[in-house]
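To keep things clear, I will list the structure first and then write my remarks on it.
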Amino acid sequence: MMVNTVRFALVVVGVFGWSMMLPSATQVGLSNKVLVFPYETDFSFVSLIPQKEMGLRAFTLCMRVATELPEDRQIILFAYRTADYDELNVWRESDGRVSFYMSGDGIFFHLPHITTFRTSLCLTWDSRTGLSAFWVDGKRSTYQVYKPGHSIRPKGSILLGQDPDKHLGGLEAGQSFVGEMADLNMWDFVLSRSMIQAWHYGHRVPKGNVFDWGTMEYELNGNVMVVDDD
Amino acid sequence: MMVNTVRFALVVVGVFGWSMMLPSATQVGLSNKVLVFPYETDFSFVSLIPQKEMGLRAFTLCMRVATELPEDRQIILFAYRTADYDELNVWRESDGRVSFYMSGDGIFFHLPHITTFRTSLCLTWDSRTGLSAFWVDGKRSTYQVYKPGHSIRPKGSILLGQDPDKHLGGLEAGQSFVGEMADLNMWDFVLSRSMIQAWHYGHRVPKGNVFDWGTMEYELNGNVMVVDDD
Amino acid sequence: MMVNTVRFALVVVGVFGWSMMLPSATQVGLSNKVLVFPYETDFSFVSLIPQKEMGLRAFTLCMRVATELPEDRQIILFAYRTADYDELNVWRESDGRVSFYMSGDGIFFHLPHITTFRTSLCLTWDSRTGLSAFWVDGKRSTYQVYKPGHSIRPKGSILLGQDPDKHLGGLEAGQSFVGEMADLNMWDFVLSRSMIQAWHYGHRVPKGNVFDWGTMEYELNGNVMVVDDD
């Protein structure tokens, strides 16, 4: 395992919240890398810069995730927020369910536990029908209908590791992510079952046009390690 | 994901129970489609029209089913009723067991939980011996002996999604099905183990002579979606 | 599914315990058959006649077994008794453990639950070392040392389905077996791992020299069905 860029990211200039920290410079590309969030903090996170604006009427969001956190601990898995809205939050809830929220009440799925072993997790949603589902290791959950006709607003911030309760602030250690994340990709359309399964097995799929792990622009903040995914 | 026929099915003309609704016209064929029951209701269901009368002395009933409903929620999986009798009801009981009933007391099986991922579920029964079993993903449960000598009466109504407590009425939201059903087939004889396993794996088997998903005649009522089974 | 011999076995001439019943005639051979014990009774069982006397200083006992009984219900799986001793009893205990007893206190193993799906279960014991283990679907439990130097006495009776508390009597419904048993074989030596796995997968192994399912001599008593193992 090689660790790079971490020392830089650990330079923290104050304790007055994350707006006071000196973020690392923007970096590009995470091919064969995994993000390790080693401790529970209220200041460690990774900002992601999308390839295109996130005004979305459909999407597929995929990542590989592993954690040692207890099963009854709430965990933020993905947070996209504009000034007034949680545009797209993905959670592991304290009751073990996995949920997502767009601008208000969320929906909840009974999935296998997220464990110390890596789970490949995708989420699909289409505004036209509202059909939404999680995909665990290539297997689709039951469809639920969620906010047909809704649009995700553009021009917000995307964070891994923390849930900002307001735009650019309000982080809580008790919701933070601790563990490993890798291979996050996002498309502005719904991938087919065969594409999602191909992604799960590491085969070639069309590169994410919102996020592509291999060419990802990101900024490390606080204590996050970029480790060779060996 | 393509959704068809849904708008039509959503035309509801009253709130006085499902006899007041305008059902969709009869439609034919569900190849590569899945029925999505997105919400808990007392008015959404699908009527099935069998290819032959359901006076049965043996049968195999197969379907693929997935649900997000809690494990302690009673769920109707299949309901065939004549004027005075529940001729053939299949339930997931509130204690997690799966059961079936023909005109009176039922029998109960301890099967793996029905989850958000699709379970392939078959039920076989033969009047001559009374031997009955569920088959989960191609594996047979323990045989139980149930109503040897009994016959299922013909000329009733078959519903997915609701349990009619009387002929054409008496629906309860708390028993309704929420989730996905696909690939329902029924034969008027007991399929062999190898045939049931072939069906589970999606290989060719003799088409159901009571119900065949590919050529099924059905009517949508309330809020049921027909979705491409991707 | 073909059912044979059942009508004959159901001839019961009294309610004064199983010594009063008219057993079926001795029958031979259970190839591709499964024994179905459909109800909880204190009178249904199958007597097995061994090919050689059961004075044993080592053995391998294998069977396939499935049950719908609740997980906290004691179940007799195999009973061999001489006049004064339970020579070899195999139980599923009310705490879910699987146990065996030879002439006194038994030993207990934590195995996966015995469920509605068929489990292949073997038990090996060698008097020389006392090493004993259960094998579930070809996987060995941890060894336990049990009664090194002991011998099993010959000239008793072997029963499936009931536990006789005295020689030829004293049956209890609450301990009876309900479910399916198949492919019972017994050898007077300890089979190797590869042989036990071969047996599990239905491959060829040396025929049991104490019991061989294909040529088994047996007598049905009470309500036990012999069904094609389809």
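Owing to the predicted nature of the structure, the values given are computational and were not obtained by experimental measurement. In what follows, every chain begins at residue 1, and chains take the letters A, B, ... in the order their sequences are listed.
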## Note on the structure
Applying ring-ring contact (aromatic ring centres under 6.0 Å, His included) to B:Phe134 and not counting sequence neighbours gives B:Phe109
### Task
Find out whether B:Val46 and B:Leu159 are in side-chain contact, i.e. whether some heavy atom of one side chain is under 4.5 Å from a heavy atom of the other.
no
### Message
Would B:Arg140 and B:Thr124 count as a side chain to side chain donor-acceptor pair (under 3.5 Å) here? Give the steps.
### Response
CA-CA 10 Å; B:Arg140 180 170 63 74; B:Thr124 54; over 6 Å; no
## Note on the structure
With C:Lys33 as partner, the option from C:Asp183, C:Asp229, C:Asp228 fulfilling salt bridge (charged side-chain N to carboxylate O under 4.0 Å, His left out) is C:Asp228
### Query
Which residues pass the ring-ring contact (aromatic ring centres under 6.0 Å, His included) test with C:Phe37, sequence neighbours left out?
C:Phe177
### Query
So which of B:Leu111, B:Thr142, B:Val136 has the biggest tally of heavy-atom pairs under 4.5 Å with chain C?
B:Thr142
## Note on the structure
Filtered by a 4.5 Å non-hydrogen cutoff, the part of residues 56-78 of chain B contacting chain C is none
### Task
Not counting sequence neighbours, list each pair that qualifies as a salt bridge (Lys or Arg N to Asp or Glu O under 4.0 Å) and has a residue in residues 97-114 of chain B.
B:Asp95-B:Arg97
